[in-house]
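Step one of this worksheet: look at the structure below.
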Amino acid sequence: MRLTVIGTGYLGATHAACMAELGHEVVGVDVDPDKIAALRAGQVPFHEPGLPELIRKHTATGRLRFTTDHTEAGAFGEVHFVCVGTPQRKDSEGADLTYVDAAFAAIAEHAAEDSLLVGKSTVPVGTAERLAGTLGVEVAWNPEFLREGFAVEDTLRPDRLVIGVRSAHAETILRKVYEPVLEAGTPLVTADFPTAELVKTAANAFLATKISFINAMAELCEAAGGDVGVLAQAIGHDDRIGKKFLRAGVGFGGGCLPKDIRAFAHRADELGVSLAFLREVDAINMRRRDKVVELARELCGGAVLGARIAVLGAAFKPDSDDIRDSPALNVAARLRLDGADVTVYDPEALDNARKAFPLLGYALSAEEALRGADLVLHLTEWPQFREIDPERAASLVARPLIVDGRGALDGDRWSAAGWHFRALGRPAPVEERPLQGL
Ligand SMILES: NC(=O)c1ccc[n+]([C@@H]2O[C@H](COP(=O)([O-])OP(=O)(O)OC[C@H]3O[C@@H](n4cnc5c(N)ncnc54)[C@H](O)[C@@H]3O)[C@@H](O)[C@H]2O)c1
Ligand SMILES: O=c1ccn([C@@H]2O[C@H](COP(=O)(O)OP(=O)(O)O[C@H]3O[C@H](CO)[C@@H](O)[C@H](O)[C@H]3O)[C@@H](O)[C@H]2O)c(=O)[nH]1
């Protein structure tokens, strides 16, 4: 089939490449000429394992092309997937639908009468119905559940496909688009517009709630002297609870969970329904960042002014160079504002971090970041940080103080190497090492 993908960011570039992999002819469209030039040259402007290979493969076969021209795309596609951003509005918690409205309008203007416009962006419930009533072309909604870092895998082999459709015709078209995925056994949920839109925001709200639940337990463990890692493991043995998404730490960030729960609570208010608990989920999440800042102050003897702090991690999660609402950079920037001399290292996200936070210091390796540090904060759990040898690390720093903000390091190993090791939601060491000179 001939498909277009409007918006070639994280979601759209992945969707376009994966649709070509399924055998379709695909045109990716973006308003950003630099992004399109990079994609045409087979370069992906963000880190996503497996995606550059797929884009090069299908730009070479000619099955995948990129353009900035909506007119060309409108004329080409039988099905148009809209994948533009829905960031948080500047003036409220709600989603900014400017890009979605503009993209739908631009493609509808040039699309064939019998084409299908499919929204994939995450939107407030009611958006599909509103667009369907104004565009004069058939609309469907097909929310996306991919995780950054696993985007290709999640698109080609998703847990489920969800489609919001108004006609058997639209369902038939989408079944044809996803035929190889469906033949591989992926469940398809067919729903009306509001349900399809709500499935997406409900899924992200649930995931965020799970993380904040375990982080609230971490707060209790800190107050009562428990260990949230053991607690999470123990409750996770119950299949009804499950082990996943119970990693306590500095909390969730990224371009999705934080803005999506805010937009969801905001939309619920508009509909006269309270999702106030999501505001608490948000508040718990933000308190974890505060906690790391407080711990840093405490470990630096009351104030971080002049302290040299090494921050391991800048991306909002490992295997990503995405720094949108990154807990690591939020903490780093706050400590810098408090007068600390902060040096950040991340294996993939340094370029993005530098652009967004030019006043922070950056190192090209973990070793360089650690050299001379008074305090180390581990805030994004890249696998290579687990490989750091605590003894070697101790020989580099000025003082062996570390906070594990992701519960991912082996505390016993670090303590045995002479470090004062603190982790969120875990008891402080029984025998506190004297913090000389602080
Ligand atoms: N990133 C994810 O992992 C993910 C997963 C599932 C759903 N989503 C949702 O998908 C949507 C897109 O997210 P993203 O992370 O890919 O955002 P992004 O900012 O990386 O990409 C959006 C792209 O749309 C382009 N754009 C804006 N207006 C346009 C227009 N009129 N025509 C063509 N292109 C236009 C922008 O230039 C940008 O390249 C959001 O609603 C998000 O919530 C994202
Ligand atoms: O137990 C956990 C799991 C995750 N996180 C954090 O939560 C955030 C989000 O992680 P993850 O969900 O893996 O990343 P995203 O790529 O943002 O994916 C989420 O957001 C996407 C966009 O809507 C959805 O498509 C995905 O299904 C949903 O998982 C990151 O900061 C993680 O560090 C934790 O703190 N503890």
Side-chain angles (χ1 to χ4, degrees), residues 4-16 28-36 38-39 45-46 48 66-70 73 80-88 95-107 119-124 127 142-151 154-155 158-159 200-201 203-208 210-215 218 232 236 242-261 263 285 288 313 315-320 322-328 330 379-382 405-408 424:
T4 77
V5 176
I6 320 299
T8 56
Y10 284 89
L11 168 58
T14 308
H15 192 65
V29 190
D30 206 288
V31 287
D32 179 345
D34 294 341
K35 206 169 263 187
I36 290 299
L39 288 166
F46 51 88
E48 189 60 51
F66 294 96
T67 180
T68 51
D69 185 353
H70 288 79
H80 305 277
F81 286 100
V82 175
C83 298
V84 298
T86 47
Q88 187 176 336
D96 181 352
L97 293 177
T98 317
Y99 307 104
V100 167
D101 289 351
F104 267 94
I107 209 72
K120 284 195 79 64
S121 302
T122 303
V123 290
T127 304
N142 169 216
E144 177 58 55
F145 303 92
L146 68 80
R147 299 157 298 166
E148 289 179 20
F150 302 90
D154 285 351
T155 307
D159 290 340
K200 173 64 198 175
T201 41
N204 274 3
F206 192 84
L207 293 171
K210 228 179 156 185
I211 299 169
S212 278
F213 175 83
I214 202 64
N215 279 333
K243 291 187 172 56
K244 293 182 180 163
F245 264 65
L246 285 180
R247 293 192 314 275
V250 68
F252 58 80
C256 292
L257 298 191
K259 64 128 173 115
D260 286 351
I261 58 167
N285 194 50
R288 293 286 75 192
F316 83 104
K317 67 172 189 180
D319 279 324
S320 173
D322 193 347
I323 56 151
R324 290 181 285 184
D325 204 354
S326 162
N330 179 268
L379 300 181
T380 311
E381 70 278 32
W382 284 94
R406 288 294 183 180
L424 296 186

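This chain uses plain numbering: 1 for the first residue, then up along the sequence. Order of listing sets the numbers, starting from 1, for every ligand and every atom in it.
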Among all protein non-hydrogen atoms, which one is nearest to atom 17 (O) of ligand 1, and what is the separation to 0.1 Å?
-> R324 NH1, 3.8 Å

Among G254, C83, A73, A106, closest by any non-hydrogen atom to atom 12 (C) of ligand 1 | C83

Considering the heavy atoms of E144, write down every atom of ligand 2 situated less than 4.0 Å from one of them.
-> 25 (O)

For R147 and E48 the tightest heavy-atom approach is O-OE2, 4.4 Å

Between the OG1 atom in T8 and the CD1 atom in I36, the distance rounded to the nearest 0.5 Å is 4.0 Å

Straight-line distance of D325 CG to F316 CZ, nearest 0.5 Å = 10.0 Å

Verdict with reasoning, H70 to V31, per side chain to side chain contact (heavy atoms under 4.5 Å, CB included) = CA-CA 9 Å; H70 288 79; V31 287; 3.9 Å; yes

Exercise: identify the closest heavy-atom pair between I107 and H80 = CG1-ND1, 3.6 Å

Assess G251 for proximity to ligand 2: is some non-hydrogen atom of it under 4.0 Å away?
-> yes

Quick note on ligand 2: atoms under 4.0 Å from a heavy atom of L246 include exactly 1 (O)

Is any side-chain heavy atom of F46 less than 4.5 Å from a side-chain heavy atom of S320?
-> no

Nearest neighbour of atom 5 (N) of ligand 2 from the list L11, I211, D260, on a heavy-atom basis | I211

What part of C256, side chain from CB on, backbone N/CA/C/O, both or neither, has a heavy atom under 4.0 Å from ligand 1?
-> side chain

In this structure, atom 32 (N) of ligand 1 is nearest to the protein heavy atom H70 NE2, 2.9 Å

Please name the pair of heavy atoms, one in G7 and one in C83, separated by the smallest distance, quoted to 0.1 Å.
-> O-CB, 3.6 Å

Looking at side-chain heavy atoms only, is the closest gap between P45 and L39 below 4.5 Å?
-> yes

Near F252, which atoms of ligand 2 are under 4.0 Å from a heavy atom of that residue?
-> 6 (C), 7 (O), 8 (C), 31 (O)

Please write down residue, atom name and distance for the protein heavy atom closest to atom 21 (O) of ligand 1.
-> G9 CA, 3.2 Å

Give the residue and atom name of whichever protein heavy atom lies nearest to atom 25 (C) of ligand 1, and the separation in Å to one decimal.
-> D30 OD2, 3.3 Å

Between T122 and ligand 2, is there a nitrogen or oxygen pair with a distance under 3.5 Å?
-> no

Side chain proximity check, Y10 to T14, heavy atoms < 4.5 angstrom | no

Provide, to 0.1 Å, the distance between atom 16 (O) of ligand 1 and the closest protein heavy atom, together with that atom's residue and name.
-> L11 N, 2.8 Å

Which residue supplies the protein heavy atom nearest to atom 26 (N) of ligand 1, what is that atom called, and how far is it?
-> V84 CG1, 3.6 Å

At their closest point, which heavy atom of E148 faces which heavy atom of D322, and how far apart are they?
-> OE1-OD2, 2.8 Å

Any side-chain heavy atom of V82 sitting closer than 4.5 Å to one from F104?
-> yes

Using a 4.0 Å heavy-atom cut-off, say whether N204 meets ligand 2 through its side chain, its backbone, both or neither.
-> side chain

Paired with V29, the side chain to side chain contact (heavy atoms under 4.5 Å, CB included) test is passed by just one of T68, V84, I6, namely I6

With a 4.5 Å limit on heavy-atom distance, are the side chains of N204 and C256 in contact?
-> yes

Nearest protein heavy atom to atom 7 (C) of ligand 1, by residue and atom, and its distance?
-> T122 OG1, 3.7 Å

For R406, take its heavy atoms, then give the atoms of ligand 2 lying under 4.0 Å from any of them.
-> 33 (O), 35 (O)

Ligand-residue contact atoms, ligand 2 with K200, heavy atoms, under 4.0 Å = 22 (C), 23 (O), 24 (C), 25 (O)

Of all the atoms in ligand 1, which lie at a distance below 4.0 Å from a heavy atom belonging to A103?
-> 31 (N)

Numbering the atoms of ligand 1 from 1, which are under 4.0 Å from a heavy atom of I6?
-> 32 (N), 33 (C)

Can you list the ligand 1 atoms lying under 4.0 Å from a non-hydrogen atom of T86?
-> 40 (C), 41 (O), 43 (O)

Using a strict 4.0 Å cut-off to heavy atoms of K35, name the atoms of ligand 1 that fall inside it.
-> 38 (C), 39 (O)

Check: R147 N/O within less than 3.5 Å of ligand 2 N/O | no

Polar side chain donor-acceptor pair, K259 to T86, under 3.5 angstrom | yes

Does G255 have a heavy atom less than 4.0 Å from any atom of ligand 1?
-> no

Check whether any side-chain heavy atom of T155 sits under 4.5 Å from a side-chain heavy atom of H15, and report yes or no.
-> yes

Are the side chain of T380 and the backbone of W382 linked by a donor-acceptor contact shorter than 3.5 Å?
-> no

Spatial distance of atom CG (L246) from atom CD1 (I211) [nearest 0.5 Å] = 9.0 Å

If hydrogens are left out, which of K210, R324, K317 has an atom nearest to atom 13 (O) of ligand 2, that is, the closest non-hydrogen atom?
-> K317

Expected output: side-chain K210 to main-chain K244 donor-acceptor under 3.5 Å | yes

Ligand-side contact atoms (ligand 2) for residue partner E148, heavy atom cut-off under 4.0 Å = 16 (O)

From the options Y10, F150, F145, F245, select the one whose nearest heavy atom is closest to atom 12 (O) of ligand 2.
-> F245

Nitrogen or oxygen atoms of G254 and ligand 2 under 3.5 Å apart | no

Ligand 2 and P327, any nitrogen or oxygen pair closer than 3.5 angstrom?
-> no

Show which atoms of ligand 1 fall inside a sub-4.0 Å distance from at least one heavy-atom site of E148.
-> 1 (N), 2 (C), 3 (O)

Ligand-residue contact atoms, ligand 1 with K259, heavy atoms, under 4.0 Å = 42 (C), 43 (O)

Answer yes or no: does an N/O atom from F316 fall short of 3.5 Å to an N/O atom of ligand 2?
-> yes

Distance filter under 4.0 Å to Y10 heavy atoms, resulting ligand 1 atoms = 1 (N), 15 (O), 16 (O), 20 (O)

Out of D159, L146, L257, whose heavy atom sits nearest atom 9 (C) of ligand 2?
-> L257

Within a radius of less than 6.0 Å around OH of Y99, do more than 12 heavy atoms belonging to other residues, nucleotides or ligands occur?
-> no

Specify the protein heavy atom at minimum distance from atom 22 (C) of ligand 2: its residue, its atom name, and the distance to 0.1 Å.
-> C256 SG, 2.5 Å

Quick one: does ligand 1 sit under 4.0 Å from the side chain of V123, the backbone, both or neither, non-hydrogen atoms only?
-> neither

Structural part of H15 in contact with ligand 1, heavy atom criterion under 4.0 angstrom | neither

Nearest-neighbour protein heavy atom for atom 5 (C) of ligand 1, which is reported as residue plus atom name and distance | L146 O, 3.6 Å

Contact atoms of ligand 2, heavy-atom distance to L207 under 4.0 Å | 28 (C), 29 (O)

For atom 1 (O) of ligand 2, grab the closest protein heavy atom and report residue, atom and distance to one decimal in Å.
-> R247 N, 2.8 Å

Are P327 and R406 close enough that some pair of their side-chain heavy atoms sits under 4.5 Å apart?
-> yes

With no hydrogens and no angle check, do the side chains of D69 and T67 hold a donor and an acceptor under 3.5 Å apart?
-> no

